[in-house]
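Structure first, then comments.
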Amino acid sequence: MIKPLGDRLAVEQLKGDEVRTDSGLIVGNADSFTGQESSQGLVLAVGPDCEVVKVGDKITYGQFAPTRVRDGMKVVFMLSEADVMAVVS
C-alpha cells in the first residue's frame with residue numbers, strides 16, 4: 001500500500017462511462033472517442049497535510065497533473081491536493 005507524504009494523494013483512475021447506441025449496442029467508453037484518459041479518480045490514500053480531500057472522495061484533476069506509480073499489479077496516480085479541481089458528489 002502506498003502512503004502519500006505531505007499534501008499528496010494516491011488516486012485510482014476511474015474509467016469513462018460506456019457509450020450505448022439507440023439499439024443498446026455498447027461501443028466503448030466516452031474516453032475512447034476523444035483519445036484521452038479520464039481525469040476523474042477515487043482517492044485511495046491522503047497525506048497528513050491534506051485539508052479538503054478525504055479517502056473515498058471522487059475527484060476531478062488536471063490531465064497532466066498525476067504521476068503514475070505501480071503498487072503491485074495496480075497503477076496508482078499520485079498528485080498534489082492543489083491539482084484537484086473538484087470533489088464530485
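These numbers were taken from a predicted model, which means no experiment stands behind them. Position 1 is the first residue of the sequence; numbering continues from there.
L44 forms part of a hydrophobic cluster together with I2, V69, V76, M78, judged by ILVMFWY side-chain heavy-atom separations under 4.5 Å.
There is a path of hydrophobic side-chain contacts, each under 4.5 Å, that joins V75 to L9. Under a hydrophobic-cluster definition in which Ile, Leu, Val, Met, Phe, Trp and Tyr are linked whenever side-chain heavy atoms come within less than 4.5 Å, directly or via other members, Y61 and V87 are assigned to the same cluster.
Here the closest non-hydrogen pair linking V52 and K54 is O-NZ, 3.5 Å. Nearest heavy-atom pair, P4 versus A10, reported as atom, atom and distance to 0.1 Å: CG-N, 3.8 Å. When all heavy atoms of V46 and V53 are compared, the closest pair comes out as CG1-O, 3.8 Å.
The distance from the CG atom of L42 to the CD atom of Q40 is 11.0 Å, given to the nearest 0.5 Å. With rounding to the nearest 0.5 angstrom, the NZ atom of K74 is 7.0 Å from the CE atom of M1. Atoms CG and OG1, on L79 and T67 in that order, are 8.0 Å from each other to the nearest 0.5 Å. Between R8 atom CZ and F77 atom CZ the span is 14.5 Å, to the nearest 0.5 Å.
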_Verdict with supporting geometry, V84 and V43, side-chain contact (heavy atoms from CB on, under 4.5 Å)_ = CA-CA 11 Å; V84 175; V43 179; over 6 Å; no
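Listed by first then second residue, pairs satisfying side-chain hydrogen bond (donor to acceptor under 3.5 Å, both in side chains) with a partner in residues 78-89 read D7-S80, not counting sequence neighbours.
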